[in-house]
Amino acid sequence: MIAHLDLDAFFAAVELHRNPGLRGKPVVVGGNPDGRGVVATASYEARRYGIRSAMSSAEARRRCPSVIFVRPDHRTYREWSARMWALVREMAPVVEQVGIDEGYLVLPDGDPHEQAELIQLAVRERMRLSCSLGVATCKVVAKVASDARKPGGITVVPPGGEAAFLARLPVRTLPGVGPKAEVRLVAAGVATIGALAELDDARLTELLPGRVGVELRLRAQGVDPRPVSGEPAEAISISNEETFDVDVRDRDELHGHLRRMSEGLAASLDRRGMSARTVTTKVRYPDFSIATRSHSLGVGIDDAAAIGDLACSLLDRALRQRPGPVRLVGVGVSGLDRHRQLALPMEDELPP
DNA sequence: TCTGGGGTCCTGTTGCGA
DNA sequence: TCTGTCGCAACAGGACCC
């Protein structure tokens with residue numbers, strides 16, 4: 001059997017350990033409520049006020065003026081996460097971490113509920129963290145099940161009961177159905193996972209065209225052949241971006257931000273011993289539309305100046321096509337390779 | 001009350017060489 | 001030599017995830 005383990009309000013839980021004075025109070029880990037910050041995690045006390053992840057911090061404060069804001073500290077969360085997963089690896093034969101606070105594992109032989117309880121207990125006793133587990137024959141059902149009794153719950157879906165377990169839940173609870181798909185499906189009268197599972201080919205292609213639709217219908221039927229992979233996945237891309245408190249139109253200032261972010265990317269590539277062949281610059285305009293411009297080189301690069309030069313020229317290209325103030329700029333690298341830089345790009349490889 | 005940051009994957013279009 | 005077309009890589013955008 002497969003289990004999906006999900007830590008409950010993880011960032012907030014770590015902050016409560018660092019500062020026990022926050023216990024019992026509404027706490028939000030997130031961005032600046034006076035700027036453009038959003039909520040990353042809300043403690044369960046804060047959730048009572050209707051505060052949720054991805055809500056703007058300003059809205060969170062409006063709902064609960066006494067809420068305490070804490071800035072996220074991802075480095076510390078990564079450390080806690082690494083310790084927690086090391087502990088789980090001692091107890092389960094195969095573990096696949098898929099985020100900082102969640103992952104799949106193959107349960108040891110024995111009664112699935114008892115095995116899940118042992119892991120939950122170990123995480124509580126040794127890490128002082130609360131987690132929820134869902135247990136099923138496949139990933140998608142285990143994931144939905146882990147959400148069924150949060151926080152601190154365990155939900156076991158017996159073999160053969162997958163489709164029945166999913167059937168009555170809202171379509172949006174199926175992983176892969178986001179806000180856009182939900183609107184289309186519900187407008188067409190497909191409000192539950194069960195209704196999605198029963199769609200015929202014609203209706204499915206109409207509502208969710210392409211491979212996505214076929215995949216989602218299978219998942220809705222409780223069918224998910226993806227194995228639990230014990231191999232840690234290597235990064236495909238690395239990026240840095242920043243939303244400004246006030247929109248910026250000054251080109252030199254934007255270049256400055258891109259160069260600073262490029263230094264961060266170069267440092268990150270260096271740590272991993274990797275180089276990148278593609279650089280992508282991202283711009284978000286005040287109306288929230290996004291433009292990306294990318295360029296690939298014949299050879300991998302890993303130094304801040306080369307990444308920064310390319311990022312700035314790509315920004316200029318985007319701004320020539322649509323000038324004006326921008327809300328966010330970002331730079332990313334992809335086409336990652338273990339090999340180090342051998343040569344600087346030729347002059348004629350730089351974009352116009 | 002305006003909407004973060006760091007990612008992955010999929011899709012449609014375009015340009016190019018065989 | 002011209003044209004078509006096939007396949008591929010690059011590019012851009014979009015949906016989704018935590």
Side-chain angles (χ1 to χ4, degrees), chain A residues 4-11 28-41 50-65 69 71-74 77-78 81 97-103 139-140 143 146-147 172-185 208-216 219 226 233-245 247 261 264-265 268 277-298 314 317-318 321-322 327-336 349 351:
Chain A
H4 180 259
L5 184 155
D6 202 324
L7 290 163
D8 301 320
F10 175 51
F11 294 177
V28 158
V29 180
N32 180 9
D34 296 313
R36 288 167 164 174
V38 297
V39 174
T41 309
I51 296 172
R52 296 283 180 271
S53 294
M55 176 181 281
S56 76
S57 297
E59 167 67 5
R61 189 165 57 185
R62 200 183 62 78
R63 290 186 184 224
C64 175
F69 284 94
R71 287 302 167 88
D73 175 4
H74 289 275
Y77 308 149
R78 272 197 299 271
S81 170
Q97 194 184 334
V98 291
I100 194 167
D101 67 345
E102 66 169 307
K139 280 183 168 179
V140 68
K143 176 157 172 67
S146 72
D147 227 32
R172 184 66 169 87
T173 54
L174 187 70
V177 176
K180 303 280 182 179
E182 180 189 23
V183 167
R184 301 191 67 159
L185 289 167
L208 303 170
R211 231 188 301 179
V212 182
V214 177
E215 185 85 3
L216 283 177
R219 302 248 176 107
R226 293 173 298 164
E234 202 152 70
I236 291 172
S237 68
I238 312 170
S239 63
N240 252 216
E241 62 188 56
E242 187 184 339
T243 296
F244 308 121
D245 281 343
D247 298 342
M261 293 179 202
L265 291 182
S268 179
R277 284 188 50 239
T278 304
V279 174
T280 303
T281 294
K282 172 176 171 180
V283 180
R284 198 200 299 267
Y285 294 99
D287 67 357
F288 253 70
S289 62
I290 292 170
T292 61
R293 293 293 176 267
S294 63
H295 186 75
S296 299
L297 302 161
L314 289 165
R317 206 164 96 195
Q321 285 162 7
R322 180 175 164 183
R327 179 187 177 93
L328 163 153
V329 291
V331 53
V333 290
S334 53
L336 303 185
E349 280 191 326

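In what follows, chains are A, B, ... by sequence order, proteins preceding strands, each numbered from 1. Every heavy atom of this structure was used, including side-chain atoms; hydrogens, water molecules and symmetry mates were not. Every value quoted in this text rests on a predicted model; they were computed, and no experiment measured them.
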NA contact type, Arg63(A), heavy-atom cut-off 4.0 Å: base, sugar-phosphate, or nothing?
-> nothing
For Lys139(A) and dT8(B), what is the distance between atoms NZ and P respectively, to the nearest whole Å?
-> 15 Å
Quick one: Met55(A) CE to dC18(C) P, roughly how many Å, whole number?
-> 17 Å
For dA10(C), what is the paired nucleotide under Watson-Crick or G-U wobble rules, both distances under 3.5 Å?
-> dT13(B)
Could you check whether Ala181(A) gets within reach of a base, just the sugar-phosphate, or nothing at all, counting any heavy atom under 4.0 Å?
-> sugar-phosphate
Taking for Gly176(A) and for Ile290(A) the nucleotide of DNA chain C with the nearest heavy atom, the one nearer the 5' end belongs to Ile290(A)
Ignoring hydrogens and geometry, is there a side-chain-to-backbone donor-acceptor pair from Arg172(A) to Val177(A) under 3.5 Å?
-> yes
Taking Arg327(A) for the side chain and Tyr285(A) for the main chain, is one N or O donor matched with an acceptor at less than 3.5 Å?
-> no
Where the side chain of Ala54(A) is defined as all heavy atoms beyond and including C-beta, which of dG4(B), dG7(B), dG5(B) is the nearest nucleotide?
-> dG4(B)
Tell me what Arg277(A) touches on the nucleic acid: a base, only sugar-phosphate, or nothing, going by heavy atoms under 4.0 Å.
-> sugar-phosphate
Against the side chain of Ser294(A), the closest entry in dG7(B), dA15(C), dA12(C) is dA12(C)
Spacing between Ile236(A) atom CD1 and dG7(B) atom P, to the nearest angstrom | 11 Å
dC17(C) versus dG4(B) - spacing of their C1' atoms, nearest Å | 14 Å
Measure the acute angle between the ring planes of Phe11(A) and His74(A), then classify it against the limits of 30° and 60° as parallel, tilted or perpendicular.
-> perpendicular
Could you check whether Ala291(A) gets within reach of a base, just the sugar-phosphate, or nothing at all, counting any heavy atom under 4.0 Å?
-> sugar-phosphate
Within the structure shown, what part of the strands sits under 4.0 Å from Ser56(A) by heavy-atom distance: base, sugar-phosphate, or nothing?
-> base
Would you say a side-chain N or O of Arg78(A) is under 4.0 Å from OP1 or OP2 of dG6(B)?
-> no
The nucleotide from dA15(C), dT1(B), dA10(C) with an atom nearest the side chain of Lys180(A) is dA15(C)
Whole-Å distance separating the CD atom of Glu102(A) from the C1' atom of dG6(B) = 14 Å
Side-chain N or O of Lys143(A) closer than 4.0 Å to phosphate OP1/OP2 of dC18(C) | yes
Would you say dA10(C) has OP1 or OP2 under 4.0 Å from some side-chain N or O of His295(A)?
-> no
For dG5(B), does OP1 or OP2 lie under 4.0 Å from any side-chain N or O of Arg36(A)?
-> no
Side-chain atoms of Thr292(A) come closest, of dT8(B), dT1(B), dG13(C), to dG13(C)
How long is the line joining CZ of Arg219(A) and C1' of dC9(B), in whole Å?
-> 11 Å
Contact class for Val177(A) vs. all strands (heavy atom < 4.0 Å): base, sugar-phosphate, or nothing?
-> sugar-phosphate
Can you find a side chain N or O atom of Ser239(A) that sits less than 4.0 Å from OP1 or OP2 on dG7(B)?
-> yes
Using a cut-off of 4.0 Å on non-hydrogen atoms, how would the nucleic acid contact of Gly103(A) be classed: base, sugar-phosphate, or nothing?
-> nothing
Looking for any heavy atom pair under 4.0 Å, which part of the strands does Pro179(A) touch: base, sugar-phosphate only, or nothing?
-> sugar-phosphate
Mapping Pro209(A) and Ser237(A) onto DNA chain B by nearest heavy atom, which one lands closer to the 5' end?
-> Ser237(A)
Hey, does the side chain of Ser53(A) reach the backbone of Ala40(A) with a donor-acceptor pair shorter than 3.5 angstrom?
-> yes
Taking only side-chain nitrogens and oxygens of Arg211(A), does any of them come within less than 4.0 Å of OP1 or OP2 of dC9(B)?
-> no
With no hydrogens and no angle check, is any side-chain donor or acceptor of Ser57(A) less than 3.5 Å from a backbone partner on Gly31(A)?
-> yes
In whole angstroms, how far is the P atom of dC17(C) from the CG atom of Leu216(A)?
-> 9 Å
Is any side-chain N or O of Arg327(A) closer than 4.0 Å to OP1 or OP2 of dC2(B)?
-> no
Under 4.0 angstrom, heavy atoms only, what part of the nucleic acid is Arg61(A) near: base, sugar-phosphate, or nothing?
-> nothing
Would you say Ser81(A)'s side chain and Ile100(A)'s backbone share a donor-acceptor pair under 3.5 angstrom?
-> yes
Determine the minimum heavy-atom distance between Pro72(A) and Tyr77(A), stating which atoms define it.
-> CA-OH, 3.6 Å
Over how many whole Å does the gap from Arg226(A) atom CZ to dC17(C) atom C1' extend?
-> 12 Å
Atom CZ of Arg172(A) and atom C1' of dC17(C) are separated, to the nearest Å, by 10 Å
Evaluate the side-chain proximity of Arg52(A) to Val39(A): yes if any heavy-atom separation is below 4.5 Å, no if none is.
-> no
Look at the side-chain N and O atoms of Ser296(A) and state whether any lies under 4.0 Å from the OP1 or OP2 oxygen of dA10(C).
-> no
What does Ile238(A) touch in the nucleic acid at a heavy-atom separation under 4.0 angstrom: a base, only the sugar-phosphate, or nothing?
-> sugar-phosphate
So what's dC2(C) paired with, Watson-Crick or G-U wobble, going by both distances under 3.5 Å?
-> none
Ignoring the backbone of Glu241(A), work out which of dG5(B), dT8(B), dG4(B) is nearest its side chain.
-> dG5(B)
Within the pair Thr243(A) and dG5(B), is there a side-chain N or O less than 4.0 Å away from OP1 or OP2?
-> yes
Pairwise 5' ranking along DNA chain B for Gly37(A) and Arg62(A), keeping only the more 5' one | Arg62(A)
OP1 or OP2 of dG6(B) less than 4.0 angstrom from a side-chain nitrogen or oxygen of Asn240(A), does that happen here?
-> yes
